[in-house]
Protein chains: 2
Amino acid sequence: MQALILASRAFVGMTARSLAAAEEEVTLPQFRTLVVLAVRGPQRGVDIAEELRINPSTGTRMLDRLARKGLVRRTRSASDRRVVRLRLTPAGQELVDQVLTRRREELERLVEATAELWRPEVTRALTAFAEAAGEVSERDWWLGWTEHQDDEG
Amino acid sequence: MQALILASRAFVGMTARSLAAAEEEVTLPQFRTLVVLAVRGPQRGVDIAEELRINPSTGTRMLDRLARKGLVRRTRSASDRRVVRLRLTPAGQELVDQVLTRRREELERLVEATAELWRPEVTRALTAFAEAAGEVSERDWWLGWTEHQDDEG
DNA sequence: ACGCAAACATTGCACAATGCAAGAATGGTC
DNA sequence: GACCATTCTTGCATTGTGCAATGTTTGCGT
């Protein structure tokens, strides 16, 4: 169990490091917003807010900031003029791509370095543990980190 | 590797749930501050700030709020009148105790439920993984969660 | 003893993130 | 057409955050 805690921590640390690249351009909540748009495609404001579990008003202002930075674009829907359609600009897409690519590379490197560890009995044990520990939703998972999930020190 | 991701997620979800009890009284950063005081004992403001990796000014105001809630107490040091000594009030101590106790119980329940999983080869694999993934500092670990590390959905 | 630099806490300022409540615009229904 | 629901936005309040400046105190060197 202690070993699992250690391993979880290491895994999380790696995820946090792969995010560091983006933190000069956007904050973590802003990046999460971008990821929603990258993963789900153009969305309505209300859908983004729901996805991120934030109040729509918070979403509006988050998107204000992202639009100001040139990372998302707002367009009023013609079919339903209440809704605002949000989508990534090329710059926003690129930012997300960079982080996701980096993360994937880190993960691949790690998989390669530890391939021999993942024997069936190990993965069986982890899966059983996950079941015993209970369910956590798929979404939100890797997005839910604070800036302070870092190393140093 | 996928299994480890799952297990990590489950573990984190459990941690987040054990924090939920406190979230009606204090925010997560506030709770982290309380934990520092609980774990390290009475501290100077500057030490708390360093421990939490925040600016001292942020710490001052965080402690303002906690003092207003009656969870910490400030006393000017007599030996060095520059420093302010912070310590938990009984209410603050109790709040931390509640959460930590709950977390410990959850962990014990989980250990018990999964005891047979933790064979030597499993823990060996996890430890090796942690080493390969790189180091993350001991402190900050379980404190570094946002409120959004929840389930539902 | 004096002065000066360092240490510590705080305050001022700016900004991001957040929720609730209210409002404006639009769409759909009866 | 009246009414209600949906969608977004704005106003207001609060927390969390950092940087810069300030005030107080300490310690050191001369």
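Per chain, numbering begins at 1; letters A, B, ... match sequence-line order.
Whole-Å rounding puts the B/Leu52 CG to D/dG18 C1' distance at 15 Å. Protein atom CG of A/Leu66 is 11 Å distant from nucleotide atom C1' of C/dA16, rounded to whole Å. Following rounding to the nearest Å, B/Leu63 (CG) and D/dT17 (C1') show an atom-to-atom distance of 14 Å. One can place CD of B/Glu50 at 13 Å from C1' of C/dA7, the figure rounded to the nearest angstrom.
Here B/Asp64 pairs with B/Arg74 in a salt bridge; the nearest charged N to carboxylate O distance falls below 4.0 Å. Using a cut-off of 4.0 Å between Lys/Arg side-chain N and Asp/Glu carboxylate O, B/Arg109 and B/Glu105 are scored as not salt-bridged. A salt bridge links B/Arg44 with B/Asp47: the distance from a Lys NZ or Arg NE/NH1/NH2 to an Asp or Glu carboxylate oxygen falls below 4.0 Å.
Sorted by first and then second residue, the side-chain hydrogen bond (donor to acceptor under 3.5 Å, both in side chains) pairs involving residues 115-130 of chain B (not counting sequence neighbours) are B/Thr114-B/Trp118.
For C/dG19, neither phosphate oxygen OP1 nor OP2 lies less than 4.0 angstrom from any side-chain nitrogen or oxygen of A/Arg53.
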Quick test: give all pairs of protein nitrogen or oxygen and nucleotides 6-11 of chain D nitrogen or oxygen below 3.5 Å, distance rounded to 0.1 Å.
| unit_1 | atom_1 | unit_2 | atom_2 | d |
| --- | --- | --- | --- | --- |
| D/dT6 | O4' | A/Arg82 | NH1 | 3.4 |
| D/dT6 | O2 | A/Arg82 | NH1 | 3.0 |
| D/dT7 | OP1 | A/Arg44 | NH1 | 2.1 |
| D/dT7 | OP1 | A/Arg44 | NH2 | 3.4 |
| D/dC8 | OP1 | A/Gly45 | N | 3.1 |
| D/dC8 | OP1 | A/Val84 | N | 3.0 |
| D/dC8 | OP1 | A/Val84 | O | 3.3 |
| D/dC8 | OP2 | A/Val46 | N | 2.6 |
| D/dT9 | OP2 | A/Thr60 | OG1 | 3.2 |
| D/dG11 | O6 | A/Arg61 | NH1 | 3.3 |
| D/dG11 | O6 | A/Arg61 | NH2 | 3.0 |

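No side-chain donor-acceptor contact under 3.5 Å links B/Arg81 and B/Ser77.
Each of A/Arg68 and A/Arg81 was assigned the nucleotide of DNA chain C with the nearest heavy atom; the assignment lying further toward the 5' end belongs to A/Arg68. Mapping A/Arg65 and A/Ala78 onto DNA chain C via the closest heavy atom, the residue that lands nearer the 5' end is A/Arg65.
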For residues 94-102 of chain A, tabulate all N or O donor-acceptor pairs below 3.5 Å that involve a side-chain atom, not counting sequence neighbours.
| unit_1 | atom_1 | unit_2 | atom_2 | d |
| --- | --- | --- | --- | --- |
| A/Asp97 | OD1 | A/Gln93 | NE2 | 3.1 |
| A/Thr101 | OG1 | A/Asp97 | O | 2.8 |

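Note on B/Ser77: nothing from the nucleic acid sits closer than 4.0 angstrom, heavy atoms only.
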